[in-house]
Amino acid sequence: MIIMALLTSLLAGLLFGLGLAISGMIDPARVIGFLDLAGHWDPSLAFVMGGALLAFMPGYFLLVKPLKRSLLGEPMASVPAPKLDRRLIGGSALFGIGWGLAGICPGPGLSLISSGQPMVLLFVAAMVAGILLVDRVWVKVREKRCHPRSA
């Protein structure tokens, strides 16, 4: 069962990466063109997102959402309603600043590793460092602050 889950994740990742590559959304110049509202705005990213939603929504609402279990037999995870807190706002702001500065989002960043471009490699290294920092440091500091050991 674990092998099927891994293969399913691999297939989904390959489809996602292939879609990004075919649509040209792994090109940082296109992404920066989309974010440049005051200059020469490039709406192609909006069309890619819209097309993805049009392809996704019928299958999701007709086939996926009614299911209680996944196709591999696992229970469908429910997603809790997001809390609008400092962590969400701060993380969103950092994500947006990084995306705007580099023109690279995590998905395309991983797709671009094979290009060997130093900027991409630095971006992915910084992304991994940020994930590890939050996972290994921030969460532990927060746990200690919320649950101090009694003396």
Exercise. Run the side chain to side chain contact (heavy atoms under 4.5 Å, CB included) check on Leu67 and Leu63 step by step: do they pass?
Worked result: CA-CA 7 Å; Leu67 294 177; Leu63 302 173; 6.0 Å; no
Seminar exercise, completed: Interatomic distance, CE@Met57 vs CG@Leu62, rounded to 0.5 Å, equals 10.5 Å
Side-chain polar contacts of residues 41-51 - donor-acceptor pairs under 3.5 angstrom, sequence neighbours left out - could you list them?
| residue | atom | partner | partner atom | Å |
| --- | --- | --- | --- | --- |
| Trp41 | NE1 | Phe34 | O | 2.7 |
| Asp42 | OD1 | Ser44 | N | 3.1 |
| Asp42 | OD1 | Ser44 | OG | 3.0 |
| Asp42 | OD2 | Ser44 | OG | 3.2 |

Exercise. Does atom CD1 of Ile3 have more than 12 heavy-atom neighbours from other groups under 6.0 Å away?
Worked result: no
Problem set entry | side-chain contact (heavy atoms from CB on, under 4.5 Å) against Leu122, all qualifying residues, sequence neighbours excluded | none
Seminar exercise, completed: CE (Met76) and CZ (Arg69) are apart, to the nearest 0.5 Å, by 11.0 Å
Exercise. Taking ILVMFWY side chains as joined if any heavy atoms are under 4.5 angstrom apart, and letting links pass through other members, which residues group with Ile89?
Worked result: Leu84, Leu88
Exercise. Honestly curious: do Leu53 and Phe61 fall in one hydrophobic cluster under the side-chain, below-4.5 Å linking rule?
Worked result: yes
Exercise. Would you say Met127 and Leu121 are hydrophobically clustered, going by side-chain heavy atoms of ILVMFWY under 4.5 Å?
Worked result: yes
Seminar exercise, completed: side-chain contact (heavy atoms from CB on, under 4.5 Å) filter on Leu132, not counting sequence neighbours, yields Val128, Arg136
For this session: Keeping to residues at least two apart or across chains, list the salt bridge (Lys or Arg N to Asp or Glu O under 4.0 Å) pairs with something in residues 97-121.
Result: none
Exercise. Pairs in or reaching into residues 80-131: which pass ring pair (Phe, Tyr, Trp, His ring centres under 6.0 Å), with residues at least two apart or in two chains?
Worked result: none
Going by atom type alone, with no hydrogens or angles, which donor-acceptor pairs under 3.5 Å involve a side-chain atom of residues 100-116 and a protein atom two or more places apart or on another chain?
| residue | atom | partner | partner atom | Å |
| --- | --- | --- | --- | --- |
| Ser111 | OG | Gly107 | O | 3.2 |
| Ser115 | OG | Leu112 | O | 2.6 |
| Ser115 | OG | Gln117 | N | 3.3 |

Exercise. Which salt bridge (Lys or Arg N to Asp or Glu O under 4.0 Å) pairs, counting each pair once, include a residue from residues 9-22, with sequence neighbours left out?
Worked result: none
Side chains of residues 13-29: which donor-acceptor pairs under 3.5 Å do they make with residues two or more places apart or in other chains?
| residue | atom | partner | partner atom | Å |
| --- | --- | --- | --- | --- |
| Ser23 | OG | Gly19 | O | 2.9 |
| Ser23 | OG | Leu20 | O | 3.1 |
| Asp27 | OD1 | Ala29 | N | 3.1 |

Problem set entry | Which residues share a ring-ring contact (aromatic ring centres under 6.0 Å, His included) with Tyr60, sequence neighbours left out | Phe56
Exercise. With sequence neighbours left out, which residue pairs that include part of residues 1-11 fulfil the salt bridge (Lys or Arg N to Asp or Glu O under 4.0 Å) condition?
Worked result: none
For this session: May I have all residue pairs that pass salt bridge (Lys or Arg N to Asp or Glu O under 4.0 Å) and include part of residues 77-99, sequence neighbours excluded?
Result: none
